[in-house]
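A note on names: the letters A, B, ... follow the listed sequences, proteins ahead of strands, and every chain is numbered from 1. This is a predicted model, so every value here is computed, not measured.
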Amino acid sequence: MVFEINTSIYEKLPRSFYERADVVEIAKDLLGKLLVTETEGVLTIGKIVETEAYCGRGDKACHANEKRTPRTEVMYGPAGCAYVYLCYGIHHLFNVVTNVEGQADAVLIRALEPVYGTEAMRERRNHTKAKLASGPGTLSQAMGIKTNLTGVSLTGESIWITKDSNENAFEILADTRIGVEYAEEDALKPWRFVIAGNTFVSKPVKNKSPANHTGLS
DNA sequence: TCTAAGATGGGT
DNA sequence: CCCATCTTAGAA
């Protein structure tokens, strides 16, 4: 079955979606939505199947926790902008800035199920045998996301997330975030979210409990 | 200036 | 398990 491009992919989530105060809720809400990039004339689309929440206050895993540096300045800026940074000198990791200006929260997008433009993704990924966008670094490579997109608004024309949710209901599973062992007690926060049963997640979840009382409050 | 470490990924 | 690869933050 061929994926038909219809105008709904241009219905971008408004800034108000990202401006909400509970980054954990937003991380869950982003599951099932479509991430779209149009760079160098190439359109690629992936369904978001895995996210992680990072809170600027009281979360040792967050780059902007209780501190402001040149790199994390964009996280303190307006909601709905991209925060892209280079990890291990190789991987470009894509986050969505949330909450009002001055509150440095963000959601890391960790895995996509390719929906459109898979040939372009495959080329960008150098014809790997591995999955195209299952992991924050590979996802950015497949979608053409680099650090030059940091600070760019998701209401613009290069990169955005659509209002469209998956039509089918799905269950959300929560787990601890990946690669943040250094964050002491905050490493235990169940702020990684995946669509249950989706095979495009970067790693299977350790537990099978649904994401219930995982929020900030 | 100098340096250690990092929200990774792919191959062995 | 190993390591490529380079920016960043914090120390000196």
| query | Are any of the side-chain nitrogens in Lys203(A) or Glu50(A) under 4.0 Å away from the carboxylate oxygens of its partner? | reply | no
Identify the pairs formed between an N or O of the protein and an N or O of nucleotides 1-6 of chain C at a distance under 3.5 Å, and give each distance.
residue	atom	partner	partner atom	Å
dT5(C)	O2	Tyr88(A)	O	2.3

| query | From His92(A) NE2 over to Ile145(A) CD1, what is the distance, rounded to the nearest 0.5 angstrom? | reply | 10.5 Å
| Should Ile178(A) and Leu173(A) be regarded as members of a common hydrophobic cluster, given that ILVMFWY residues are connected when their side-chain heavy atoms come within less than 4.5 Å of each other, either directly or indirectly? | no
| Between Tyr83(A) and Arg71(A), is there a cation-pi geometry (under 6.0 Å to ring centre, at most 45° from the normal)? | no
| Is there a path from Val84(A) to Met75(A) through hydrophobic residues (I, L, V, M, F, W, Y) whose side chains come within less than 4.5 Å of each other? | no
| request: State yes or no: do Ile172(A) and Val201(A) share one hydrophobic cluster built from I, L, V, M, F, W and Y residues joined by side-chain heavy-atom distances below 4.5 Å, directly or via other members? | output: yes
| said: Under 4.0 Å, heavy atoms only, any strand: does Arg192(A) hit a base, just the sugar-phosphate, or nothing? | reply: nothing
| request: Indicate, with yes or no, if Ile161(A) and Val23(A) share a hydrophobic cluster defined by side-chain heavy-atom contacts under 4.5 Å among Ile, Leu, Val, Met, Phe, Trp and Tyr. | output: yes
| field | Non-hydrogen side-chain atoms of Gln103(A) and Glu19(A) separated by less than 4.5 Å | value | no
| message | Tell me the closest heavy-atom pair linking Cys62(A) and Ala104(A), and the distance in Å. | response | SG-O, 3.9 Å
| Cationic N near anionic O, under 4.0 Å, Glu52(A) to Lys189(A) | no
| message | Of all nucleotides in DNA chain B that come within under 4.0 Å of a heavy atom of chain A, which is furthest toward the 5' end and which toward the 3' end? | response | dG6(B) to dG10(B)
| message | Using a heavy-atom cut-off of 4.0 Å across all strands, would you classify Leu108(A) as base, sugar-phosphate, or nothing? | response | base
| message | What I want to find out is whether Asp105(A) reaches Arg20(A) closely enough, with some N-O distance under 4.0 Å, to be called a salt bridge. | response | no
| request: Using Watson-Crick or G-U wobble pairs with both distances under 3.5 Å, give me DNA chain B in dot-bracket, 5' to 3', with [ ] for crossers and | for pairs to another strand. | output: ||||||.||||.
All N/O pairs under 3.5 Å across the protein-nucleotides 8-10 of chain C interface:
residue	atom	partner	partner atom	Å
dA9(C)	OP1	Thr69(A)	OG1	2.3

| said: Suppose we screen for ring-ring contact (aromatic ring centres under 6.0 Å, His included). Which residues come up paired with Phe17(A), at least two apart in sequence or across chains? | reply: none
| Any Lys/Arg nitrogen of Glu66(A) or Arg57(A) sitting under 4.0 Å from an Asp/Glu carboxylate oxygen of the other? | no
| request: For DNA chain B, find the residues of residues 133-150 of chain A with a heavy-atom distance under 4.0 Å and give them by number; none if there aren't any. | output: Gly135(A), Pro136(A), Gly137(A), Thr138(A)
| Within one Ile-Leu-Val-Met-Phe-Trp-Tyr cluster: Val194(A) and Val49(A), side-chain cutoff 4.5 Å | yes
| request: Could you go through the side-chain contact (heavy atoms from CB on, under 4.5 Å) check for Glu113(A) and Asn198(A) one step at a time? | output: CA-CA 9 Å; Glu113(A) 178 175 335; Asn198(A) 190 286; 2.9 Å; yes
